[in-house]
Number of protein chains: 2
Amino acid sequence: MLKRIAIVEDEAAIRENYADVLRVQGYQVQTFANRESACKAFAISLPHLVILDIGLEQEYDGGFTLCQWLRNISTTLPIIFLTARDNDVDTVSGLRIGADDYLTKDISLPHLSARIAALFRRQEALKQPTAESSLLTLGPLTIDNQRMSIVWQQQSVDLTITEFWMVFALAKNPGHVKNRQQLMKDSNIYVDDSTITSHVKRIRKKFNQIDKDFNCIETVYGMGYRWNKDEK
Amino acid sequence: MLKRIAIVEDEAAIRENYADVLRVQGYQVQTFANRESACKAFAISLPHLVILDIGLEQEYDGGFTLCQWLRNISTTLPIIFLTARDNDVDTVSGLRIGADDYLTKDISLPHLSARIAALFRRQEALKQPTAESSLLTLGPLTIDNQRMSIVWQQQSVDLTITEFWMVFALAKNPGHVKNRQQLMKDSNIYVDDSTITSHVKRIRKKFNQIDKDFNCIETVYGMGYRWNKDEK
DNA sequence: AACAAATGTGGCAACAATGTGGCAATTACA
DNA sequence: TGTAATTGCCACATTGTTGCCACATTTGTT
């Protein structure tokens, strides 16, 4: 899938230079000289990544404003600031308002494209459903699919296979209620309802041996069970 | 929730300096001087973010090796390289093998923590979309089918299954009157008319405990009940 | 205003779902 | 082959939910 990158930068020379390089890398690039034209285009369709200059024509902080505006629309859109100013105040405030990266214009082009690739990589990696990635972290809970190991507060919990799958099924969608049928399916067992109760009992017991305040597996009367990440 | 950050850096002074600063920021920090000790700890439980130096004791490229090893385990774990070397080759190869950021040691500490916060922000933002799926929002009311939870004005309402289905049946078609028979059907119960009255009573009571002015469930004399979204 | 019908209220007993301990059957493993 | 671990299930205890009733109150009608 072709990635679209938008560059918002008022100096035409720089803008086109970057655009050309990125096009060669195989990206589809849109360029804008000011906030207004960028906004207009973004309102219709968002790109996959935005590169912003801070100062845009008349607007001294146009890039910041645009960044905030974009963050409002999408919390996930990767935003990179690319600017001549090299001072910490700008960097920190740029990152504060939701930028993902902050680079100065003296960086090399390979460096820039490496950063872009890293951002996309991260984006893709996190897009994978939790089931695929081998590691799932949920507060004090860490589940390693490949090794079938579960860790609670740095301590390994010694679960059996069935118990492991049940915890995994619950933790995969924290907060979502799973009824007994769904839990059976996710754990690859097909048993009596009461058996699910038994498994939950044993799982809780094992977690409680590590942390006596453990109560993340919440019973939802008449509905099933749910992993409650807010409780301790 | 407390975020855990691991720092792998062989120079004790630098290591502890960063660790202290991050601890003040409210992070839980683990420090390691070499690859071996870090690996050992990571095998048990991964932190939420790793800060790596490239050169580690004897190993000139220990950080790179460690980064690759970590990427194998988790594709999503945020990794930041923090190093004295300031050359593009290193930066680019660092990012290539899966680092998320590459910073030189001369950056200011506020800058570092801004970067860390930005990475965590991104992490959280991308985690969201999975959660938002089957939501029904009606002014101050939010119904989440998967979580089987009902929220009124930011506060969760603790309903039983039958009550949940009844609220759902009413809120599904706001303003539309449902008679007792329809409510029974929608809630998968078949009972006396008076029982529906009882359920409505209990539902109103629970909402009233949160908001004493609640009156969205309107009685339509002789007809049934209706969810009135205009009333408060 | 008087009346009947419909709805609201508090409470309680029946019931259903879940928790608990334990045991037998099965499986894994040395 | 014997032993330990795992698993499914049962009987019983405990808890939360539900349906309904008697009675109060409201509503609409004559």
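Chain A is the first sequence line, chain B the second, and so forth, proteins listed ahead of strands; every chain is numbered from 1. None of these values were measured; they are calculated from a predicted model.
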Is [X] close enough to [N] that one of its side-chain N or O atoms is under 4.0 Å from OP1 or OP2 there?
X: B:Thr160; N: D:dT18; value: yes
X: A:Tyr225; N: C:dG19; value: yes
X: A:Tyr190; N: D:dT7; value: no
X: B:Ser198; N: C:dT9; value: no

Is the number of heavy atoms from other residues, nucleotides or ligands under 6.0 Å of [X] [atom1] greater than 12?
X: B:Arg23; atom1: CZ; value: yes
X: B:Lys185; atom1: NZ; value: no
X: B:Glu16; atom1: CD; value: yes

Atom [atom1] of [X] to atom [atom2] of [N]: distance rounded to whole Å?
X: A:Met184; N: D:dG8; atom1: CE; atom2: C1'; answer: 11 Å
X: A:His199; N: C:dT18; atom1: NE2; atom2: P; answer: 16 Å
X: B:Arg204; N: C:dT7; atom1: CZ; atom2: C1'; answer: 9 Å
X: B:Glu163; N: D:dT17; atom1: CD; atom2: P; answer: 8 Å
X: A:Asn188; N: D:dT7; atom1: CG; atom2: P; answer: 12 Å
X: B:Tyr221; N: D:dT25; atom1: OH; atom2: P; answer: 16 Å
X: B:Asn179; N: C:dT7; atom1: CG; atom2: P; answer: 10 Å
X: B:Asp193; N: C:dA5; atom1: CG; atom2: C1'; answer: 13 Å

Side chain to side chain contact (heavy atoms under 4.5 Å, CB included) test vs A:Thr137 passes for just one of A:Val151, A:Thr142, A:Asp144, namely A:Thr142
### Task
From the options C:dG19, D:dC20, D:dG8, select the nucleotide whose nearest atom is closest to the side chain of A:Thr162.
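Of the candidates, D:dG8 comes closest.
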Out of C:dT20, C:dT18, C:dG10, minimum distance to the side chain of A:Lys201 belongs to C:dT20
- Donor-acceptor pair under 3.5 Å, B:Arg202 side chain vs D:dG19 base: yes
TODO: Examine the base of D:dC9 for any acceptor or donor lying under 3.5 Å from a partner atom in the side chain of A:Thr195, and report the outcome as yes or no.
DONE: no
With five pairs defining each end axis, the helix from C:dA1-D:dT30 to C:dA30-D:dT1 comes out bent, to 10°, by 40°
*Answer yes when A:Asp211 and A:Lys206 have at least one side-chain N-carboxylate O distance shorter than 4.0 Å, and no when they do not.*
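Salt bridge between A:Asp211 and A:Lys206, a charged N being under 4.0 Å from a carboxylate O: no.
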Would you call B:Arg122-B:Asp100 a salt bridge at under 4.0 Å N-O?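 No, this pair does not count.
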- Could you label the plane-to-plane angle of the B:Phe81 and B:Tyr102 rings as parallel, tilted or perpendicular, counting under 30° as parallel and over 60° as perpendicular?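 If you compare the ring of B:Phe81 with that of B:Tyr102, the planes turn out tilted.
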